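To start, the structure under review is shown below, and the notes come after it.
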Amino acid sequence: MVVHNLAAAAVAWYDANARDLPWRSPDATPWGVLVSEVMLQQTPVSRVLPAWLDWMARWPAPAHLAADAPGEAIRAWGRLGYPRRALRLHECAVAIVTSHGGAVPSDVDQLLSLPGIGAYTARAVAAFAYRQRQPVVDTNVRRFVARAVAGAPDAGPTTTARDLVAVAELLPDEPELAARASVAFMELGALVCTARSPRCTDCPVVATCEFRRSGAVAPAGPTRRPQRYAGTDRQVRGLLLAVLRESSGPVPRARLDAVWSDSTQRDRALSGLLADGLVCEVGQSHLALPS
DNA sequence: GAGACGTGGGC
DNA sequence: TGCCCAAGTCT
């Protein structure tokens with residue numbers, strides 16, 4: 001069956017071409033895998049690498065992070081982006097300690113109940129840390145499967161239940177081999193079957209690729225609406241949080257006022273940060289990261 | 001289900 | 001130079 005060959009070819013290619021990333025090491029713990037997966041949500045490997053090494057050296061197990069202040073997690077997050085992930089990782093550590101005896105759960109449903117862990121990350125942890133047979137569906141896998149199997153130029157905009165079923169059908173029965181196939185599909189999507197300029201000449205499944213067979217060669221157009229940033233609340237939130245991150249203690253409001261002149265937008269951004277728990281009020285006149 | 005949510009690098 | 005993007009999650 002073509003399906004079987006796809007996984008086998010991907011695994012063989014992976015064994016010869018995969019990047020050597022520390023969270024893929026046999027020494028990596030489930031906690032290390034979980035941290036890497038959260039950091040990698042919408043953030044490139046090159047920027048995650050140093051942050052992950054620092055994070056794991058400081059908080060090698062969930063209990064270490066849970067015992068520290070959430071603000072420290074936000075500070076250590078640095079400029080990875082989407083700092084709510086740092087807060088959720090801290091909440092995750094607390095939940096793991098209080099509800100799971102300090103060990104990252106291996107059950108997908110239990111993983112799904114943790115803050116910041118969704119359909120992708122839960123299955124990624126189950127597959128990569130616990131070597132389970134689970135459909136691990138991220139944007140790379142959806143794109144690879146859309147092209148190689150469905151013959152489409154690109155995947156749809158969001159993950160659906162159908163994607164999970166489709167990917168599950170591609171996985172070998174044996175769990176360890178299935179886990180290897182899962183990471184191989186991701187790596188193939190990240191390095192070869194890329195969004196804009198797929199390197200089909202380097203692809204191990206080019207011979208059976210439906211997109212190729214259909215004669216389509218041109219890379220697909222953008223699948224996402226362009227995301228503006230300059231001038232948005234997101235930029236203002238980022239500027240405000242950067243000030244707090246780089247300060248060791250509470251900061252006077254006046255210093256935050258200086259980063260953005262439009263007070264209406266600045267107040268809205270700050271209110272959002274407070275509502276999200278990323279920032280806390282200290283007295284009437286100071287702000288700080290949560291303690 | 002559309003939209004919010006950061007950031008820096010590549011073309 | 002800007003625009004597009006990179007292993008998603010939550011509301």
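When reading the values below, keep in mind they use all heavy atoms of this one structure, side chains included, and skip hydrogens, waters and symmetry mates. Just so it is clear, the model here is predicted, and its values are computed rather than measured. Throughout, a chain's letter reflects where its sequence line sits, starting with A, and its residues are numbered from 1.
Ion pairing between a basic and an acidic side chain is recognised when a charged N comes within 4.0 Å of a carboxylate O; A/Arg123 and A/Glu37 show no such pairing. The existence of a salt bridge linking A/Arg75 and A/Glu72 is confirmed by a sub-4.0 Å separation between a basic side-chain nitrogen and an acidic carboxylate oxygen.
Rounded to a whole angstrom, the distance from the P atom of C/dT9 to that of B/dG8 is 23 Å. Across the P atoms, C/dA7 and B/dC5 are found 22 Å apart, a figure rounded to whole Å. Nucleotides B/dG1 and C/dC10 have their C1' atoms positioned 12 Å apart, rounded to a whole Å.
Considering only side-chain N and O atoms, A/Arg85 lies nowhere under 4.0 angstrom from the phosphate OP1 or OP2 of C/dA7. Contact annotation: A/Thr121 side-chain N/O to C/dT9 OP1/OP2 distance is under 4.0 Å. Within the structure, a side-chain polar atom (N or O) of A/Gln42 is placed less than 4.0 Å from OP1 or OP2 of C/dG8.
Minimum interatomic distance between A/Val206 and A/Arg212 (heavy atoms only, all atoms of both residues): CG2-CG, 3.9 Å. Here the closest heavy-atom approach between residue A/Ser291 and residue A/Ala69 is recorded as C-CB, 3.8 Å. A/Arg24 and A/Ala18 get closest at one heavy-atom pair: NH1-CB, 4.1 Å. What you find for A/Gly151 and A/Ser214 is that their closest heavy atoms are O-OG, 4.4 Å. A/Asp154 and A/Ala195 get closest at one heavy-atom pair: OD2-O, 4.5 Å.
Separating the CD atom of A/Glu91 from the C1' atom of C/dT9 is a distance of 13 Å, rounded to the nearest angstrom. Here the P atom of nucleotide C/dA7 and the CG atom of A/Leu188 are 13 Å apart, to the nearest Å. Counting to the nearest Å, the C1' atom of B/dG6 and the CH2 atom of A/Trp77 are 11 Å from each other. Protein atom CG of A/Asp233 is 13 Å distant from nucleotide atom C1' of B/dG6, rounded to whole Å. What separates CZ of A/Arg88 from P of C/dT11 is a distance of 7 Å, to the nearest Å. Following rounding to the nearest Å, A/Leu111 (CG) and C/dT9 (P) show an atom-to-atom distance of 11 Å. In this structure, A/Trp260 places its CH2 atom 14 Å from P of B/dG6, rounding to the nearest Å. Taking atom CG of residue A/Leu114 and atom C1' of nucleotide C/dG8, one finds them 15 Å apart after rounding to whole Å.
Of the candidate nucleotides B/dC5, C/dA7, B/dT7, C/dA7 has the atom nearest to the side chain of A/Leu40. Residue A/Arg234 places its side chain closer to B/dG6 than to any other of B/dT7, B/dG6, C/dA7. Distances were taken from every side-chain heavy atom of A/Arg237 (C-beta onward) to each of C/dA6, C/dA7, B/dC5; the shortest belongs to B/dC5.
Using a 4.0 Å heavy-atom criterion, one finds that A/Arg268 contacts no nucleic acid atom at all. At the heavy-atom level, A/Gly81 lies under 4.0 Å from base atoms of the strands shown. Among the protein residues, A/Val45 comes within range of the nucleic acid bases, having at least one heavy atom under 4.0 Å from a base atom. Here A/Ile117 lies in heavy-atom contact (under 4.0 Å) with sugar-phosphate atoms only. Residue A/Ala124 is out of contact with every strand shown, counting any heavy-atom pair closer than 4.0 Å.
Contacts of residues 19-35 of chain A with DNA chain C (heavy atom under 4.0 Å): A/Arg19, A/Leu21, A/Trp23, A/Arg24.
Across A/Arg85, A/Arg88, A/Arg84, a single residue satisfies salt bridge (Lys or Arg N to Asp or Glu O under 4.0 Å) together with A/Asp276, and that is A/Arg84.
In this structure, the side chain of A/Arg79 does not engage the main chain of A/Arg47 through any donor-acceptor pair within 3.5 Å.
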Check: protein-nucleotides 8-11 of chain B nitrogen or oxygen pairs below 3.5 Å:
residue	atom	partner	partner atom	Å
B/dG8	OP1	A/Arg79	NE	2.1
B/dG8	OP2	A/Arg79	NH2	3.4

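One can find a donor-acceptor pair under 3.5 Å joining the base of B/dG6 and the side-chain atoms of A/Thr43.
Residue A/Val259 belongs to a hydrophobic cluster whose other members are A/Ile74, A/Leu87, A/Val236, A/Leu239, A/Leu240, A/Leu241, A/Val243, A/Leu244, A/Val251, A/Leu256, A/Trp260, A/Leu270, A/Leu273, A/Leu274, A/Leu278, A/Val279, A/Leu287, A/Leu289, with links defined by side-chain heavy atoms closer than 4.5 Å.
The 12-atom threshold is not exceeded at CZ of A/Arg162, counting heavy atoms of other residues, nucleotides or ligands nearer than 6.0 Å.
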